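Just below is one structure, and these are the notes that go with it.
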Amino acid sequence: MSAIINSIHAEFLKLKRTLSPWLCFLAPAISVTLGAFVVFGGVMNAAEGGEAQWKIYCEIIFSVWTKFILPAYITLQLALMLGIENNGRQWKQLMSLPLHRGVHYFSKLACAFFLIGISNLIVICLIPASGFIVSIYDDSLLGSISHMPVSYAVLTAIKITVGSLFLISLQSYISFKSLNYNLAIGVGFVAIAFCIFLPGKDLWIIQYIPWNMPGTLVKVWGDEAITIMVVGVVGFLIFLLAGMKSFVTREWG
């Protein structure tokens, strides 16, 4: 257990010298800012404020976050992890350490999951701040910040985090299977564009596409949400094991 903790700590130390910590804060800030501009554009009707209006506002922010920013953020974070080892040509040195190779792979995924969870938390923290600015612009849109549905925001963030597991493991598999920085980013961004402009969005299968899962979970609750999260966890485990097997058995010259 201590080996895994030390390995995860080492991954964080590597990321300190990259854009990763900045992305952790910048990506949520961009999402919340874009969401606020959507509201300024007249998407929400003026009302007397209250929890219902705040819930709509939270949904707008989370939708922007999960549909556009989060999938790209996950792709970039994992590509940065790949780039650290590739740029320094450190794979052979890393594999020579007296640790099971699977520990290295798991540590990278754990690090990515932690960063994404932190970013979801930052989104929650930025929502009331941006809502306050929106209220200054037009008090009839949201009303008092005390009406913000904190439990709704927290539960939505939890769903999004769980829904991201499948994408994290799949994007990790692509990155560390190919060891190609450009390919990993290319696949991720093509998939994001495909999900945004996808024809036939009413098809039930669409909600199970890994790049689309977090966005779907923003709007669904109950049994449907549980089903999607269970599928996501199963997909996460499948690609975690497949990626770890490929990583462990690979010849590192």
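Residues: numbered from 1 along the sequence shown. This is a predicted model, so every value here is computed, not measured.
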Could you measure the distance from the [atom1] atom of [X] to the [atom2] atom of [Y]? Nearest 0.5 Å is fine.
{"X": "T75", "Y": "L170", "atom1": "OG1", "atom2": "CG", "answer": "9.5 Å"}
{"X": "L126", "Y": "I61", "atom1": "CG", "atom2": "CD1", "answer": "9.0 Å"}
{"X": "S169", "Y": "I174", "atom1": "OG", "atom2": "CD1", "answer": "9.5 Å"}
{"X": "Q171", "Y": "I74", "atom1": "CD", "atom2": "CD1", "answer": "8.5 Å"}
{"X": "I209", "Y": "L167", "atom1": "CD1", "atom2": "CG", "answer": "11.5 Å"}
{"X": "S20", "Y": "L80", "atom1": "OG", "atom2": "CG", "answer": "6.0 Å"}

Exercise. Flag yes if more than 12 heavy atoms outside F106 fall under 6.0 Å of its CZ atom; otherwise flag no.
Key: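 Check fails, neighbour count at 12 or below.
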Going by heavy atoms in the side chains, are [X] and [Y] under 4.5 Å from each other?
{"X": "I127", "Y": "W54", "answer": "yes"}
{"X": "T156", "Y": "Y152", "answer": "yes"}
{"X": "S164", "Y": "L70", "answer": "yes"}

Are [X] and [Y] joined in one hydrophobic group, where the rule is that I, L, V, M, F, W and Y side chains link up if heavy atoms are under 4.5 Å apart?
{"X": "V64", "Y": "F37", "result": "yes"}
{"X": "I158", "Y": "L165", "result": "yes"}
{"X": "M148", "Y": "L155", "result": "no"}
{"X": "I69", "Y": "V190", "result": "no"}

Exercise. Taking all non-hydrogen atoms of both residues into account, name the closest pair between F25 and P21 and its distance.
Key: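 Closest approach of F25 to P21: CD1-O, 3.2 Å.
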Quiz item: Y57 and G131: which non-hydrogen atoms are nearest, and at how many Å?
Solution: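 Y57 and G131 have their closest heavy atoms at OH-N, 3.7 Å.
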Self-check item: Evaluation steps, side-chain hydrogen bond (donor to acceptor under 3.5 Å, both in side chains), between S172 and Y105
Solution: CA-CA 9 Å; S172 298; Y105 188 83; 5.0 Å; no
Counting only pairs under 3.5 Å, give me each side-chain donor-acceptor contact of residues 216-242, with atom names and distances, residues two or more places apart or in other chains.
residue	atom	partner	partner atom	Å
T216	OG1	N212	O	3.0
T227	OG1	D223	O	2.9

Would you mind writing out the side-chain donor-acceptor pairs for residues 117-125 within the sub-3.5 Å range, not counting sequence neighbours?
residue	atom	partner	partner atom	Å
S119	OG	C24	O	3.1
S119	OG	Y73	OH	2.7
S119	OG	L115	O	3.1
N120	OD1	W65	NE1	2.7
N120	ND2	I116	O	3.4
N120	ND2	T161	OG1	2.7

